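Take a look at the structure below.
Indexing begins at 1, ligand by ligand and atom by atom, following the structure's order. Treat the numbers as computed from the prediction; the structure is a model and nothing was measured.
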Amino acid sequence: MSAAAPMTEPAIQTDSFDAIVIGAGMSGLYQLIKLRELGLRTRVLEAGTGVGGTWYWNRYPGCRFDSESYSYGYSFDQELLAEWDWTEHFAPQPETERYLNRVADKYDLRRDIQFSARVKAARWDEAGRMWTVELENGGLHRSRFLITAIGALSSPTMPSFPGMEEFRGPSFHTGLWPKEPVDFAGKRVAVIGTGASGVQTIQEVAKTAAQLTVFQRTPNWCAPLHNGTIPPEEMAEIRTRYDEIFQRCRETWACFLHTAHPQNTFDVPAEERRAFLEKLYAERGFGIWVGNYQDMLTDRAANEEVSRFIAGKIRERVKDPQVAERLIPKNHGFGTRRVPLETHYYEVYNQPNVTLVDSKATPIERITPTGIKTSEAEYEFDIIVYATGFDALRGAFDRIDFRGRDGVALKEKWRDGATSLVGMLVDEFPNMLMLVGPHNALGNIPRTIEFNVEWVADFLHYVTERGITRFEASPEAVGEWMAHVMEIAQGLLSMEVDSWMTGVNINVEGRQVRRVARYTGSAENYRAWANGIARRGYEGIGTS
Ligand code: NA7
């Protein structure tokens with residue numbers, strides 16, 4: 001394993017702030033801007049050596065947006081919108097990292113960000129009404145308010161195969177990719193995992209590797225991304241439509257440019273349905289997933305029809321019928337897990353240098369000093385890539401020892417599943433706010449980030465204006481929200497499937513049971529609930 005960011009800060013510091021924000025990704029950066037506007041003395045603590053969060057850590061080859069670039073960037077700054085050119089409809093990671101650095105430069109954010117500062121623990125001090133935040137290097141900070149901006153998919157998980165430490169070549173997790181480029185040319189490469197990260201990695205590595213062996217445990221339903229460059233004239237035209245684009249994102253179910261078709265599948269004649277699916281398959285982005293017939297993710301027969309359509313496309317695109325069958329999911333329907341978007345992914349398996357191993361039928365038994373041993377064969381590799389995913393939503397919280405009122409540990413409190421009020425507050429954790437925490441409306445994430453950040457800023461404005469020094473969500477308000485979160489997930493086919501979206505991760509203890517991990521209602525509903533709390537004078541949040 002190679003870790004991208006060494007802990008370099010040696011000094012022990014104790015300093016007091018109005019607010020501490022953990023994380024300098026998209027949510028942490030915007031939160032810092034908003035807290036400065038409120039005049040709050042803020043410190044951002046960031047584990048990496050640069051800004052960007054997801055777009056700092058995920059440097060693996062081929063990493064890019066699956067949301068249209070112009071729907072993903074910040075919407076709050078007209079000047080930035082006017083200046084920034086996206087070069088591709090789905091920008092690659094280096095461009096997004098540059099973009100977030102531009103934001104940090106423009107607002108001179110780095111002077112309030114402490115880099116190489118991984119938070120180890122955060123403890124609520126009832127007497128002082130302050131949080132004490134401890135860094136892994138021993139540094140201590142105190143603050144009135146604590147805001148977590150630690151990401152939803154930011155805690156990478158590794159499998160626990162015997163022998164992993166013995167492998168003599170380099171090995172990397174996609175979410176902890178080194179800054180130095182990795183050269184695959186002429187190398188024998190293994191990729192373990194075929195989620196969104198694995199698919200993006202595989203289609204890129206296949207271009208140069210001498211041999212690429214993909215270890216796939218569960219195939220995912222993938223669909224074409226249809227990326228393309230954005231010439232300057234097109235960017236100029238897009239720029240004139242920003243108001244319309246962000247308005248559209250406010251109105252759609254999950255803040256994407258795409259949203260469900262307002263008809264049920266079988267209300268439409270078969271020929272028309274086929275033409276509609278063909279159209280979606282030929283279109284850019286997530287349309288085929290989130291812009292399909294409105295019952296596609298709740299009606300089994302409707303879902304089966306789309307699954308059959310996509311299976312047909314896989315069979316058309318992959319020459320070897322046995323390989324094609326291996327790539328077609330059999331245990332879940334289309335869209336019930338996150339749909340990886342791809343560019344010639346299926347065609348990769350027609351290349352003579354690429355092999356697909358079914359690691360469910362022939363499991364990986366161990367990593368050897370020279371490669372991988374499965375129940376069937378032994379393979380030699382120069383490089384192993386672990387595209388094995390993240391401990392979604394809760395993992396980033398578990399890595400920090402959060403202690404709330406009376407020393408209660410968040411990890412314990414959430415042992416049988418996370419609880420929250422609109423994904424932003426937890427009872428027993430006073431003065432703590434979470435950006436994009438559990439039960440948030442994920443979707444096109446920056447849109448939710450902006451909503452969360454502004455909600456938090458408005459709340460802290462309300463709090464500080466009134467001289468309030470302590471707030472805490474009530475268990476009743478949390479209970480009411482959680483009941484709504486559970487209820488709205490009823491009947492979703494995705495709830496019958498293991499994935500990070502249902503909180504299952506085979507590599508993490510205690511993540512074997514399916515749970516509602518995110519808010520599955522519409523973003524509009526989510527915002528209405530959170531705005532309702534605010535409108536009613538922050539009802540359900542006790543203040544003193
Ligand atoms: P995902 O979607 O969780 O995918 C992880 C992949 O790794 C998936 O194919 C797993 O197979 C596989 N995996 C994990 N552990 C193992 C072990 N022990 N053995 C074999 N295979 C394994 O993570 P991604 O990083 O691709 O994407 C996460 C999200 O980040 C993505 O949805 C985007 O929104 C951004 P499994 O399916 O569990 O059988």
Side-chain angles (χ1 to χ4, degrees), residues 25-26 53-55 57-60 62-67 72 90 93 96 151-164 172-177 190-203 213-223 225 254 256 285-286 289-290 326-327 329-332 335-342 345 356-367 372-375 384-393 395-396 436 442-446 448 494 497-509 511-512 514 517-518:
M26 259 191 114
T54 289
W55 305 106
W57 295 103
N58 287 267
R59 298 168 182 276
Y60 62 84
C63 178
R64 66 175 64 252
F65 292 154
D66 282 341
S67 300
Y72 194 101
F90 303 91
Q93 175 272 334
T96 311
L153 291 148
S154 53
S155 179
T157 51
M158 290 289 282
S160 50
F161 303 126
M164 280 168 63
F172 310 99
H173 188 288
T174 49
L176 290 170
W177 203 263
V191 175
I192 303 174
T194 51
S197 308
V199 166
Q200 289 188 334
T201 306
I202 290 161
Q203 61 200 19
T213 309
V214 176
F215 292 85
Q216 170 192 265
R217 192 169 55 185
T218 313
N220 282 304
W221 295 101
C222 309
L225 175 68
F256 293 109
F286 274 138
W289 185 23
V290 297
R326 219 175 287 159
L327 287 163
K330 304 293 188 304
N331 68 348
H332 67 283
T336 60
R337 293 176 123 203
R338 205 287 206 181
V339 174
L341 294 185
E342 47 85 22
Y345 173 66
L356 178 65
V357 174
D358 179 345
S359 66
K360 193 158 254 162
T362 56
I364 296 174
E365 286 185 344
R366 63 176 300 116
I367 307 294
I372 292 177
K373 183 179 179 315
T374 69
S375 60
I384 298 178
V385 176
Y386 292 95
T388 46
F390 301 89
D391 185 7
L393 293 154
V436 206
L442 291 179
N444 190 18
I445 257 176
T448 297
S494 58
V497 180
D498 288 349
S499 77
W500 68 259
M501 297 196 299
T502 50
V504 177
N505 187 323
I506 199 159
N507 301 314
V508 184
E509 202 201 320
R511 299 283 194 272
Q512 272 67 48
R514 276 180 218 142
R518 65 201 170 107

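Relative ring orientation between Phe172 and Trp177 is described as tilted, the plane-to-plane angle lying within the 30° to 60° band.
Listed here is the closest heavy atom pair of Cys63 and Trp55: SG-CZ3, 3.7 Å. Summarising the geometry of Gly151 relative to Ala396, their closest heavy-atom pair is O-CB, 4.1 Å, with the distance given to 0.1 Å.
A distance-only check finds a donor-acceptor pair linking the side chain of Asn220 to the backbone of Thr194 [under 3.5 Å]. Checking side-chain atoms of Trp221 against main-chain N and O of His332 turns up a donor-acceptor pair under 3.5 Å.
Partners of Arg326 under the salt bridge (charged side-chain N to carboxylate O under 4.0 Å, His left out) rule, at least two apart in sequence or in another chain, do not exist in this structure.
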Ligand 1: which protein N/O atoms lie under 3.5 Å from its N/O atoms?
unit_1   : atom_1 : unit_2 : atom_2 : d
ligand 1 : 7 (O)  : Ala387 : O      : 3.2
ligand 1 : 9 (O)  : Thr194 : N      : 2.9
ligand 1 : 15 (N) : Asn507 : ND2    : 2.9
ligand 1 : 18 (N) : Asn507 : OD1    : 3.2
ligand 1 : 25 (O) : Ser197 : OG     : 2.6
ligand 1 : 26 (O) : Ala196 : N      : 3.0
ligand 1 : 26 (O) : Ser197 : N      : 2.8
ligand 1 : 26 (O) : Ser197 : OG     : 3.3
ligand 1 : 32 (O) : Arg338 : NE     : 3.3
ligand 1 : 32 (O) : Trp500 : NE1    : 2.9
ligand 1 : 34 (O) : Arg338 : NE     : 3.1
ligand 1 : 34 (O) : Arg338 : NH2    : 3.3
ligand 1 : 37 (O) : Thr218 : OG1    : 3.4
ligand 1 : 37 (O) : Arg337 : NH1    : 3.2
ligand 1 : 37 (O) : Arg337 : NH2    : 3.0
ligand 1 : 38 (O) : Arg217 : NH2    : 2.7
ligand 1 : 39 (O) : Arg217 : NE     : 2.8
ligand 1 : 39 (O) : Arg217 : NH2    : 3.4
ligand 1 : 39 (O) : Thr218 : OG1    : 2.4

